[in-house]
There are 2 protein chains.
Amino acid sequence: MTTPLTAYSSFPRFHVSVDCIIFAVDNDSLNVLLIKRDFEPEKGKWSLIGGFVNDNESVDEAARRVLQELTGLNDVFVRQIGAFGEIDRDPGARVISVAYFALLNRNEVDEKVLKEYNADWVNVNTLPPLGFDHPGMISKALSVMRRKILTDALAFNLLPEYFTLTQLQTLVETVTGKELDKRNFRKRIAEIPGLEQTDLIDKESSKRGARLYRFVHPA
Amino acid sequence: MTTPLTAYSSFPRFHVSVDCIIFAVDNDSLNVLLIKRDFEPEKGKWSLIGGFVNDNESVDEAARRVLQELTGLNDVFVRQIGAFGEIDRDPGARVISVAYFALLNRNEVDEKVLKEYNADWVNVNTLPPLGFDHPGMISKALSVMRRKILTDALAFNLLPEYFTLTQLQTLVETVTGKELDKRNFRKRIAEIPGLEQTDLIDKESSKRGARLYRFVHPA
DNA sequence: ACAAAAGTGTTTCATATACACCCATGC
DNA sequence: GCATGGGTGTATATGAAACACTTTTGT
């Protein structure tokens, strides 16, 4: 900020919130965590999980706090997608919001806490009526997801620590909505730095068993 | 925003500012518009152009207003690059800032107003000491610029309405810092929708004269 | 023995790169 | 007539897409 002369205190101040687009996969659908609002504003609609920024935390920290309160998880992958600042974006009052998307493994989330929040996983292809400007936030998050799912190694945040290549491929197909050729896919992912073959074999998903891989963040 | 139960007014409020990374080209350098601060905070350092968001405008509108006040220009290409929300990012007070980059043609700017603001064009490769978190803002803007200069048709916002292909190529080379092959470059840009050959010939830059092109936003 | 998912190479096509000469004009 | 920047095509290399069969094991 650069405005000269005048003391800061003469300028208006705003509520600032964070909204989190929390993604997880479930078999073959990409889901986002939404809450059914039984309170104003936007009562009756669904919305993203959000919260106000506090004085003693950065905006990024606020996003991580909101995520932790809802999911119980601390080490979640989070990325900012931008600020949303239309005057009337919140019918309750002027609120400027910074949106983040988070990627996590659905199994790690405490279902009980979700119930308390009236939160539920919803398939991104069949979204219910959403309040605020949340549709725009979600579509921006989805567009980043589809573009960067493999190039930025986003995918691995949605999978368990050990996963099969078929799981990885199904995930990418789910997110992008495109079917992929198995052999081409395996050639392509072979070049991802940090993707490691392990000695473990998964026997759950097939009779023959599939090799398990994991992702370690490259130096 | 979604937090239930409590009235908004019990939550803290923040100064919100916009900071603009204003790019323009000058022969063969990419420049950003900075102001030399002779006032606190960060007096003595350089900074981006910024301003506080007002109650009666959206955040995007605030960015366009700040640009208009400084440059006199109304129809400037602007894109948000994100919110910056570290607690101590402004030594004067807690301020949450939303950064934008803007692309314009240096000739269209009123130099007199720049003088009044103590503003000057600075080559992005030789940036002076900058206040706040402005180095991070600029490097983020630069990274978007380098990646999207042609794919998102950013380049045309930096050129006059009519330009030669050599001007366009020089610009892309300047922004990306890489030299390009003339024939390959022309094959590539031939596929950009909206890039139109005109009947006009520029006689300034060469004896033979070079065909002028222009860019019209595709439907 | 058969169903079910895992695993594995080659050919073809499209795109990207490398590369050098003639053209038109002003001086 | 020569110096200056404008304009053009082809061959090669690299990466992307199409494509089908064998393997292992549980039932």
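Sequence lines set the chain letters: A, B, ... in the order given, protein chains first and strands last, and positions in each chain run from 1. Nothing here was measured: the structure is a model prediction, and the numbers come from that model.
- Salt bridge B/E69/B/R65: present, at least one basic N to carboxylate O contact under 4.0 Å.
- Remark: B/K203, B/K207, B/R208 in residues 199-213 of chain B come within less than 4.0 Å of DNA chain C through at least one heavy atom.
- To the nearest angstrom, P of C/dA5 lies 18 Å from CZ of A/R183.
- Between the CG atom of A/N184 and the P atom of C/dT11 there is a distance of 15 Å, given to the nearest Å.
- Atom CD in A/Q169 sits about 14 Å away from atom P in C/dA5, given to the nearest Å.
- Put simply, CG on A/L150 and CG on A/L168 are 6.0 Å apart, with the number rounded to the nearest 0.5 Å.
- Atoms CD1 and CG, from A/I189 and A/L165 in turn, are 4.5 Å apart once rounded to the nearest 0.5 Å.
- Atom CG of B/D28 and atom C1' of D/dG5 are 15 Å apart (whole Å).
- Applying a 4.0 Å cut-off to non-hydrogen atoms, the residues of residues 185-195 of chain A that approach DNA chain C are A/R186, A/K187, listed by residue number.
- Across every non-hydrogen atom of B/V18 and B/Y100, the tightest pair is CG1-CE1, 3.8 Å.
- The two atoms that bring B/N31 and B/R106 nearest to each other are ND2-NH1, 3.3 Å, heavy atoms only.
- With rounding to whole Å, A/K182 atom NZ is found 13 Å from D/dC19 atom C1'.
- Note: CG (A/L180) to P (D/dA18) measures 10 Å, nearest angstrom.
- The pair A/E42-A/R37 does not meet the salt-bridge criterion, since no charged nitrogen lies less than 4.0 angstrom from a carboxylate oxygen.
- B/T166 comes within 4.0 angstrom of the backbone, heavy atoms only, and of no base.
- Residue A/Q197 is the one, among B/D181 and A/Q197, whose nearest nucleotide of DNA chain C lies closer to the 5' end (criterion: closest heavy atom).
- A salt bridge links A/R89 with A/D19; the closest basic N to acidic carboxylate O contact falls under 4.0 Å.
- Among A/I35, A/L34, A/L127, the one residue that satisfies the side-chain contact (heavy atoms from CB on, under 4.5 Å) test with A/W46 is A/L34.
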